[in-house]
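Structure first, then comments.
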Amino acid sequence: MQKKEQIYEGKAKKVFATDDPELVIVDYKDDATAFNGLKKGTIVGKGIINNRMSNYLMQMLEKAGIPTHFVRELSERETVVRKVQIVPLEVIIRNLSAGSFSKRYGVDEGIRFDEPVIEFSYKNDELGDPLLNTSHALALKLATAAEIQTIRDLALRIDECLKAFWAECGVTLVDFKLEFGRTADGTIILADQISPDTFRLWYSKTGEKLEKDRFRRDLGGVEEAYAEVMKRVNAHDRA
Ligand code: ADP
Ligand code: UDP
């Protein structure tokens with residue numbers, strides 16, 4: 001597999017072409033952003049943890065019948081994935097209230113919902129990723145009705161799998177963000193990453209915040225939190 005020219009550099013990853021037009025290589029950086037890029041910093045070792053964890057979780061989802069872009073881990077920061085056309089929707093699934101949900105609707109954090117909440121925002125940095133509903137997404141032709149239905153179904157199945165997995169690791173999956181893409185033949189698959197950058201986890205016993213909220217809220221111990229999440233995954237793997 002030959003790594004060719006860089007085709008994109010985002011906030012957390014670089015994407016490279018390969019000699020196969022259907023595959024790209026993602027390279028995970030340690031750069032961290034929050035609040036749509038307004039807060040910037042570095043979380044040492046984050047790229048390594050995100051690469052490993054995303055690959056681990058995507059392989060787990062594949063086993064549960066969820067199609068993902070994962071192909072092969074190349075190195076501690078690099079992975080070969082299927083190239084897709086990203087559907088410009090950030091798909092957010094919430095099991096408990098937190099973050100922007102609590103702020104927007106004026107409710108406490110930590111309220112457990114009877115059913116998971118699914119939310120879409122328009123993946124558009126210039127506009128600040130505005131929240132939108134299915135009707136808006138259809139009007140803007142971001143996806144077809146059938147694609148949105150597939151995305152919803154997959155997102156809920158992914159939530160079921162991840163919730164159960166994290167519970168076994170002693171942490172509560174509060175909310176997370178997914179991105180989906182279309183392969184050359186139009187199939188919708190899970191793309192991007194599932195990592196401590198894109199989910200909120202709280203210790204089940206104490207409710208203490210793990211992962212990126214520590215960075216967002218200047219709580220300190222960010223590197224330790226990422227390492228702790230990875231440690232729990234490794235321990236689960238060995239069990
Ligand atoms: P951002 O663009 O939000 O700064 P990243 O730094 O994570 O995000 O950059 C990675 C980019 O690659 C994202 O825009 C993401 O949508 C895109 N991407 C993720 N998976 C794939 C894939 N399989 N094929 C093509 N693009 C992808
Ligand atoms: N999220 C993300 N990327 C974004 C926005 C949100 O990965 O651009 C994730 C975030 O990590 C959290 C969930 O989506 O797990 C819900 O985030 P929320 O809308 O509460 O926004 P935040 O409080 O993170 O700004």
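Atoms within a ligand are numbered from 1 in the order they appear, just like the ligands themselves. FYI, side chains are in, hydrogens and waters are out, and symmetry mates aren't considered; it's all heavy atoms of this structure.
Ligand 2 has an N or O atom lying under 3.5 Å from an N or O atom of D175, backbone or side chain.
Counting atoms of ligand 2 from 1 in the listed order, those under 4.0 Å from a heavy atom of G99 are 20 (O), 23 (O). Ligand 2 places these atoms under 4.0 Å from at least one heavy atom of F176: 14 (O), 15 (O). Close approach of ligand 2 to D197 (heavy-atom distance below 4.0 Å) involves ligand atoms 7 (O), 11 (O). When each atom of ligand 2 is checked for a heavy atom of R94 under 4.0 Å away, the hits are 16 (C), 18 (P), 19 (O), 20 (O).
If you look at K103 next to ligand 2, there are no close heavy atoms at all, none under 4.0 Å. The residue V174 has no part lying near ligand 2, judged by heavy-atom distances below 4.0 Å.
In this comparison of R217, K177, R200, the heavy atom closest to atom 1 (N) of ligand 2 sits on K177.
Residues D30 and R77 are paired through a salt bridge, judged by an N-O separation under 4.0 Å between the basic side chain and the carboxylate. A salt bridge links D175 with R200: the closest approach of a Lys/Arg side-chain nitrogen to an acidic carboxylate oxygen falls below 4.0 angstrom. A salt bridge does not link E168 with R232: every distance from a Lys NZ or Arg NE/NH1/NH2 to an Asp or Glu carboxylate oxygen is 4.0 Å or more. Between K209 and E109 there is a salt bridge, with a side-chain nitrogen of the basic residue lying less than 4.0 Å from a carboxylate oxygen of the acidic one. By the 4.0 Å N-to-carboxylate-O rule, R52 lies too far from E76 to be salt-bridged with it. Using a 4.0 Å cut-off between a side-chain N of Lys or Arg and a carboxylate O of Asp or Glu, K123 and E179 qualify as a salt bridge.
Taking every heavy atom of both residues into account, E78 and N51 meet most closely at N-ND2, 3.4 Å. What you find for K11 and D31 is that their closest heavy atoms are O-CB, 3.5 Å.
Near ligand 1, residues Y8, G10, K11, A12, K13, V15, H69, V81, R82, K83, V84, I86, K123, E179, A191, D192 each place a heavy atom inside the 4.0 Å sphere around the ligand atoms.
When ring centroids are compared, Y56 and F70 stay outside the 6.0 Å threshold.
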